[in-house]
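Keep in mind the model is a prediction, meaning the values are calculated, not measured.
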Amino acid sequence: MFWAYIIVVSIWLGYEFFRFLAPQKWDQFNLLSGAVPLGFTFVTWIFFFIRYFHPLNGTIGKIVSLILTVVCYFAHTMNPRQFSFRKFATEFYIVFTILMFLFFMYADRSFLKDGRISCGTIFSDLPFHLSLITTFSYGPNNVNSQMVTPFYYGEKLCYPIVPDFFSSILVSCGGASLRVSIAVPTILLMASMLFSMHYLFRQYSSYRYVSEFGIIIFAVASGTGWRYIFIKECIDNVNSNLAHSFCSSKETFWIQSIAHYLYPQRSGAFSISLCLLLMSLLIILVKGSYQDPKKPLRLLHDKKSLILAGVMMGILPMISAHAFISVGLYAIAICCMTFPWKNFNTWHKYIFSWAIFGLIAIVIALPQIIWLLSGHRQHFFSIEPIWTETESRKLGIFGYFTMWWDSLGTFHFLAVINVWFFMKKKHFYIYVPAMTVYFISTFVRYQPGAMDNTKVFLSTWYPIACVSVSLY
């Protein structure tokens, strides 16, 4: 059970980091929501560097955990920050309870139930992650300066390793089973996502039911698979999930947020809370741009928040490269929107503030990016519409409409057309950067397969689109 203590210490480490740098507007739920993925990442890198000198084992796990406990204790005693808690409406408790129950059930049934059973789309991704976890825990990558992939003999491993390496720490240093090493962090990360999503959605609109309905949309929205539910050929097809694959000859590029992204592809669960909180932080920093133009922006004087934003951005590449691209585009867009282009005398202040965020993010991220790109990469970053992969009308604009109709149905067209009619200035400043991510990612592929662009949409545009449609 020592794995549980490693998890607690990891979260405590992330919590103290957030507690020191986060704005006072963030309550304890936000701090804890960020502490889970950030703490997991920090501890991953600590043990990752230790493995260069000695294989990970229970003794090392106890020594490192004890040192981190002492560090966290003194950090906590030296930080006078007051505790604050937001008030939740009854409907949030209901939504949170139902979704967490469903998340727990899904994890129980799909992550090596009885030591061997999986289900859904996790069935196809789980062997990949188990291979990485075991090779880090007691395989060739347990102590090896040159990490190799477990799939191709002698090939260098160039993949975001943080989610799987953290699980390997729980196995090799905490004595956890493979099932526990995946399921427990995932459940904690999903709870973090709900709390951070609720806060971001409340920033967008404080109207009752909006944030809760937005969370429901995020969790369950999909496309028009219902059209195929009464077609025997489609129902009998074992590859049909009515969200991405409809029939043997019909599929779309979109992947469902929970069933196809956050659970099977572990990078999604690790990165989603960081993406939501990073957007929330950027919105706080530029708030004066849309609220009171005469009031100085928090961006110009809150250096702690800028440092925090830079660190959160910088650690993303080895968690999820797609999330890094997505929040990077969002940050660039919100910077351009709020920059005082007509007031040349204030340019230096804004450039200095954004440079703090940007330079910290680049310094932390660049070594990770170089390492990720060191493998054999072909046909990355191509300018090609995403609908040309799945639609028969590849060259016409009709392919765009049919693809998004199959992918998200009515929701998509509400999100890109209807929501603008009821937007206030605040909504505009929050949603336009998200739409920038949407527009660029509709025409630029970040990997050869268009389906991977969904991960970019899910990190920034899709959450904001969910709350925008909810308000509509």
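Interatomic distance, Phe17 CZ to Leu31 CG, rounded to the nearest 0.5 Å: 12.5 Å.
The side chain to side chain donor-acceptor pair (under 3.5 Å) check on Trp354 picks up nothing, with sequence neighbours excluded. For Ala35, the side-chain contact (heavy atoms from CB on, under 4.5 Å) criterion is met by Ile11, Tyr15, not counting sequence neighbours.
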Enumerate donor-acceptor pairs with a distance under 3.5 Å from any side-chain N or O in residues 89-100 to protein atoms, sequence neighbours excluded.
unit_1 : atom_1 : unit_2 : atom_2 : d
Glu91  : OE1    : Arg208 : NH2    : 3.3
Glu91  : OE2    : Arg208 : NE     : 2.8
Thr97  : OG1    : Tyr93  : O      : 2.7

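Within a 6.0 Å sphere centred on CZ of Phe344, other residues, nucleotides and ligands contribute 12 heavy atoms or fewer. Remark: Tyr207 OH is loosely packed, at most 12 non-hydrogen atoms of other residues, nucleotides or ligands lying under 6.0 Å away.
No option in Leu13, Ile319, Leu188 other than Leu188 meets the side-chain contact (heavy atoms from CB on, under 4.5 Å) test with Phe40.
Between Phe47 and Phe165, a ring centre-to-centre spacing not shorter than 6.0 Å is recorded. Between Phe443 and Phe439, the distance from one ring center to the other falls under 6.0 angstrom. Aromatic rings of Tyr431 and Tyr438 (six-membered ring for Trp) have centroids beyond the 6.0 Å cut-off, not under it. Taking the six-membered ring where the residue is Trp, the centroids of Phe457 and His412 are separated by 6.0 Å or more. Note: Phe49 and Phe53 fail the aromatic proximity criterion, with ring centroids not under 6.0 Å apart.
Summarising the geometry of Pro160 relative to Ala321, their closest heavy-atom pair is CG-N, 4.4 Å, with the distance given to 0.1 Å. Nearest heavy atom pair, residue Tyr159 against residue His129, reads OH-CE1, 3.8 Å. Between Met313 and Ala361, the shortest heavy-atom distance links the atoms CG-CB, 3.6 Å. Scanning both residues, Pro163 and Ser267, for their nearest heavy atoms gives CG-CA, 3.9 Å. Between Tyr261 and Ser459, the shortest heavy-atom distance links the atoms OH-OG, 3.9 Å. Heavy atoms only, all atoms of each residue included: Ser441 and Tyr446 are closest at OG-OH, 2.9 Å.
Checking side-chain atoms of Arg19 against main-chain N and O of Asn79 turns up a donor-acceptor pair under 3.5 Å. A donor-acceptor contact shorter than 3.5 Å is absent between the side chain of Trp26 and the backbone of Leu281. Remark: side-chain polar atoms of Trp347 are paired, donor with acceptor, to backbone N or O of Pro340 under 3.5 angstrom. In this structure, Ser353 contributes its side chain and Tyr350 its backbone to no donor-acceptor pair below 3.5 Å. The backbone N or O of Arg202 sits nowhere less than 3.5 Å from a side-chain atom of Ser211 that would complete a donor-acceptor pair. Under a 3.5 Å cut-off, the side chain of Ser305 and the backbone N or O of Asp302 do not form any donor-acceptor pair.
Between Ile216 and Val220 there is a side-chain heavy-atom pair separated by less than 4.5 Å. Contact of the Thr186 side chain with the Phe103 side chain is not registered, since no non-hydrogen atoms from C-beta on lie closer than 4.5 Å. The side-chain heavy atoms of Phe411 and Leu414, taken from C-beta on, include no pair separated by under 4.5 Å. Within the 4.5 Å cutoff, the side chain of Val36 has no heavy atoms near those of the Ile7 side chain. Within the 4.5 Å cutoff, side-chain heavy atoms of Lys304 are placed close to those of Phe20. Side-chain contact between Val64 and Ile67: absent, with no pair of heavy atoms (C-beta onward) separated by less than 4.5 Å. No side-chain heavy atom of Leu170 sits under 4.5 Å from any side-chain heavy atom of Val184.
Remark: Lys426 fails to qualify as a cation-pi partner of Tyr204 under the 6.0 Å distance and 45° angle criteria applied to the six-membered ring. Note that Arg86 lies outside the cation-pi zone of Phe88, set by a 6.0 Å cut-off to the ring centre and a 45° limit from the axis. By the 6.0 Å and 45° rule, Arg266 does not stack over the aromatic ring of Phe128.
Using bins of under 30°, 30° to 60° and over 60° for the plane-to-plane angle, the ring pair Trp341/Phe339 lands in the tilted bin.
Using modelled atom types and a 3.5 Å distance limit, the side chains of Ser84 and Gln28 yield no donor-acceptor pair. Checking Ser33 against Ser273 by side-chain atom types alone, no donor-acceptor pair falls below 3.5 Å.
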Any chance you could lay out the side-chain contact (heavy atoms from CB on, under 4.5 Å) test for Thr338 and Tyr429, step after step, and finish with the verdict? CA-CA 8 Å; Thr338 58; Tyr429 273 83; 3.9 Å; yes
side-chain contact (heavy atoms from CB on, under 4.5 Å) between Val444 and Ile440, intermediate numbers included: CA-CA 6 Å; Val444 176; Ile440 294 175; 4.1 Å; yes
